[in-house]
J.: 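Sharing a structure below in structure tokens format, with a few things to ask.
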Number of protein chains: 4
Amino acid sequence: MEEPRRAAARPHTGRRRNEAAREAVLTATMDLLRASGEELTVDRIARAAGVGKQTIYRWWPTKGAVVAEAMAESATAAVGLPDTGTLRGDLAAFFRASFAVLQDQGMVRLLGEVVTGAQREAAVADVLHEFTARRRAALGALLQRAAERGDLRAGADPAVLVDLGYGFLWYRLLVGHAPLDDAAADALADHLTAAATA
Amino acid sequence: MEEPRRAAARPHTGRRRNEAAREAVLTATMDLLRASGEELTVDRIARAAGVGKQTIYRWWPTKGAVVAEAMAESATAAVGLPDTGTLRGDLAAFFRASFAVLQDQGMVRLLGEVVTGAQREAAVADVLHEFTARRRAALGALLQRAAERGDLRAGADPAVLVDLGYGFLWYRLLVGHAPLDDAAADALADHLTAAATA
Amino acid sequence: MEEPRRAAARPHTGRRRNEAAREAVLTATMDLLRASGEELTVDRIARAAGVGKQTIYRWWPTKGAVVAEAMAESATAAVGLPDTGTLRGDLAAFFRASFAVLQDQGMVRLLGEVVTGAQREAAVADVLHEFTARRRAALGALLQRAAERGDLRAGADPAVLVDLGYGFLWYRLLVGHAPLDDAAADALADHLTAAATA
Amino acid sequence: MEEPRRAAARPHTGRRRNEAAREAVLTATMDLLRASGEELTVDRIARAAGVGKQTIYRWWPTKGAVVAEAMAESATAAVGLPDTGTLRGDLAAFFRASFAVLQDQGMVRLLGEVVTGAQREAAVADVLHEFTARRRAALGALLQRAAERGDLRAGADPAVLVDLGYGFLWYRLLVGHAPLDDAAADALADHLTAAATA
DNA sequence: CCCTAAACGAGACGGTACGTCCGGTCTTAAT
DNA sequence: ATTAAGACCGGACGTACCGTCTCGTTTAGGG
């Protein structure tokens, strides 16, 4: 039995995407953000990565998209799911780890750029949505475990609790009026636990 | 022949600052943000306000400063301090009013622009700091009243509670994954009350 | 009797065109062409002229148009109408002067760029047309004087003679197989005289 | 044990040059020039010829070289040496044939591109030099025959006459202010004859 | 009949220039 | 002196094109 056209027979011709270039771009982006002195510019990213500008625009629609992907790559890996046995302990560990990532000034600028870019570029907003959704899911899983242990009070809504936790993080990150250190993580964990349990 | 000292008698020559122009600029800024289709540009603000560009730069140092002042003017007025007799009621009323302001799409873009601008302009950051500090003070006063009624649990930290509340608001505002409606305000009030009381 | 709108009442507001900038651009263009080492680039013109790129694009549609205007300005002035009493003498003087202008290497590159640009940009073609028309008119006037003296043979067509003369010039200029010096001017004058007279 | 010198013994292995590709490239170049709407681009030539870009660059050093070869192929063949018995007749026939080739708009653009390219690429200039030299030699041969018949006046310089003739052609071709039709050929022949004879 | 080398179509790559857009400053004539 | 209009410098943006560099495929000797 013949297919009318074996499209799969030749799925691709021509040179393939250069993975090294992709990584060089994302790395250069992070480096420039960390170097901090200058504005982040597509030309500068290209020059720092040793890459043509068109290679950037071939794979990312916009500078914001590059930044967004750099964020998604470097911020995701960091935080795993702790298991200390208690909700408060888990939350404290989770937020301590989350805040630790933000000690890198480059990371703070990165997140700022993304939240900024998301306000005007749909592509960036998409990446931000996906990224934050994954982070919320992680925190949600932590709460889910508590729920299974019967630790959550009747009216507690995990979605609200998650937004409280990450809201606290982003609010302090963007406004910068108060630190995101271990003490803050512990205080956050404490109050979130109070909100979640009877 | 007159002395220059006469200046006191006639303290000002030439056309005075046109208050109407100032208002036209801020209004035009909000309108353009609401119209939403295009980027916010100084040229566009000037044209929409029927004002010369120089008139804008005579009174504000940068575009960000204009946006920041527009925010400070239109977002502050709105929310007063409710007094329903219970912490949960007060919080629910406070956040319902706060969220109501954000139903205006222009206001959302405005706050987004400010948070964005604050990441790169110190002047904008200052206005954002001051603005958010005032809002936190308002919420703090509300909690203070509860504390005086003896409604707060021992370990509750008003500063953390305030950041939880406003963090929730800003997080949903910027990420946009969930609504900021009356139900959200009630849920927020409920969880915040749980975190604050025994 | 009222006009419906006195448009002429306010023919212009705002800053006027900066004549110094215009000249700086044209001068810088000629200088860069003479310097010769590098390609002629809008960015380079702007930098050399101490001018923003937008200022160039505000007044000229294209790089070619700038080059074309630079040509029109610097090549026109040079050649006046000689009057030696004889056609051969007039032609020799005219072409000696015309060829002299082309000893400047910058001028040669300039004309080459214009003829090049005219092949693909209508705006450049227009300037080239006007420029060459003016030059042909000058040579035509010279022939006209000879005609009035009765020096032209019956079948001689001034338009053809003019195209022969300028064709010789451009052909050697663009192909570069033979020089454009005084001897060439004299030989050209001689043969043109032979073609024009009995 | 064999020396590398053995390479001479077996000068070639592998696939041979595809002659069809060479012709497709030159044909596509002419076609695109005739189609005229868009700029001539190597990518477009490759696509139109159904050929990979590398195949073009394997056989020609630059785009200009392709264009130059296309010119050399299509413009040379056309014009032979007429023999009408008189100089005027020979010249008229020669230029009528030469001008006829230029009725093809593609040919005009082609020559324009070559003259253009010659201004900046030595390789193209070389081809142009050789091509024009051959054409001049053809016209020179025609004049030589007249000289042998004793038809040329004493002071007539064949090199100048040739440049006058081809200058006329190229000048009208590039500036485009007047046609290159049979009447023009006849007028050119007439004036050139007058310049060459007593 | 297989093996090796070169040519092929496709298309990604580094680099450079283009022409546009915007921020913030300066100039003009009018009020 | 202040205004509306708008030109100015600087510099980032996103696109286009050049000539080079892989890919995997195809073609042709030589063994």
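All chains are named by letter (A, B, ...) in the order of the sequence lines, taking the proteins before the strands, and each is independently numbered beginning at 1. None of the values given here were measured: they were computed from a predicted structure.
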J.: For DNA chain F, find the residues of residues 54-61 of chain D with a heavy-atom distance under 4.0 Å and give them by number; none if there aren't any.
T.: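 Heavy-atom contacts with DNA chain F come from D:Gln54, D:Tyr57.
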J.: How about B:Thr62 and B:Glu121: does a side-chain donor come under 3.5 Å of a side-chain acceptor?
T.: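 B:Glu121 and B:Thr62 do have a side-chain donor-acceptor pair below 3.5 Å.
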J.: What is the separation between atom CZ on D:Arg16 and atom C1' on E:dA6, rounded to the nearest whole Å?
T.: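 Atom CZ in D:Arg16 sits about 10 Å away from atom C1' in E:dA6.
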J.: What is the separation between atom CD on A:Glu38 and atom C1' on F:dG11, rounded to the nearest whole Å?
T.: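 Atom CD in A:Glu38 sits about 13 Å away from atom C1' in F:dG11.
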J.: Please name the pair of heavy atoms, one in A:Met71 and one in A:Leu110, separated by the smallest distance, quoted to 0.1 Å.
T.: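 In terms of heavy atoms, the two residues are closest at CA-CD2, 3.5 Å.
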J.: D:Val42 has a side chain; which of F:dG14, F:dC18, F:dT27 sits nearest to it?
T.: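 Nearest nucleotide to the side chain: F:dC18.
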J.: Cation over ring, C:Arg22 on C:Trp59, under 6.0 Å and within 45°?
T.: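 Not satisfied by the 6.0 Å and 45° rule.
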J.: Separation of B:Arg120 atom CZ from E:dC22 atom P, in whole Å?
T.: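 So the two atoms are 15 Å apart, to the nearest Å.
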J.: Per the atom types in the model, does the base of F:dG11 pair as donor or acceptor with the side chain of C:Lys53 at under 3.5 Å?
T.: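 Flag unset: no donor-acceptor pair detected.
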J.: Is there a donor-acceptor pair closer than 3.5 Å between any side-chain N or O of D:Arg44 and the backbone N or O of D:Glu39?
T.: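 Present.
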J.: Kindly say if B:Arg47 contacts the phosphate of F:dA5, meaning a side-chain N or O under 4.0 Å from OP1 or OP2.
T.: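 For B:Arg47, the contact criterion (side-chain N or O under 4.0 Å from OP1 or OP2 of F:dA5) is not met.
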J.: May I ask you to verify if any side-chain N or O of C:Lys63 is less than 4.0 angstrom from the OP1 or OP2 atom of E:dC18?
T.: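 Yes, because at least one side-chain N or O of C:Lys63 sits under 4.0 Å from OP1 or OP2 of E:dC18.
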J.: Rounded to whole angstroms, how far apart are CD on B:Glu39 and C1' on E:dC21?
T.: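 About 11 Å, once rounded to whole Å.
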J.: Using only side-chain N and O atoms of D:Arg44, determine if any of them is under 4.0 Å from OP1 or OP2 of F:dC17.
T.: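 Checking F:dC17 against D:Arg44, a side-chain N or O does come within under 4.0 Å of OP1 or OP2.
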J.: Take atom CD of C:Glu19 and atom C1' of E:dT27, then tell me their distance rounded to the nearest Å.
T.: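 Taking CD of C:Glu19 and C1' of E:dT27, I get 16 Å after rounding.
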J.: Which residue lies toward the 5' end of DNA chain E, A:Gly50 or B:Glu121, if each is placed at its nearest nucleotide?
T.: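 In this pair, the answer is A:Gly50.
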J.: Would you say C:Lys63's side chain and C:Gly117's backbone share a donor-acceptor pair under 3.5 angstrom?
T.: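 Pair absent, no side-chain N/O of C:Lys63 close to backbone of C:Gly117.
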J.: What do you reckon, is CZ of C:Arg47 surrounded by more than 12 foreign heavy atoms closer than 6.0 Å?
T.: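 Incorrect, the count does not exceed 12.
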J.: Counting just side-chain N and O atoms, does A:Arg17 come under 4.0 Å of either OP1 or OP2 of F:dC23?
T.: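 Answer is no, no contact under 4.0 Å.
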J.: Taking any heavy-atom pair under 4.0 Å as a contact, classify B:Ile45: base, sugar-phosphate, or nothing.
T.: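 Counting heavy atoms under 4.0 Å across all strands, no contact is made by B:Ile45.
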J.: Could you check how far CG of A:Leu32 sits from P of F:dA12, rounded to whole Å?
T.: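 Checked: the CG to P distance equals 12 Å.
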J.: Closest-nucleotide mapping onto DNA chain F: is B:Asp43 or A:Leu40 further toward the 5' terminus? I mean the 5' end.
T.: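 Upstream on the strand: B:Asp43.
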J.: More than 12 heavy atoms of other residues, nucleotides or ligands under 6.0 Å from CZ of C:Arg58: yes or no?
T.: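 For C:Arg58, atom CZ is crowded (more than 12 foreign heavy atoms under 6.0 Å).
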J.: For E:dT27, does OP1 or OP2 lie under 4.0 Å from any side-chain N or O of C:Arg15?
T.: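 Result: no.
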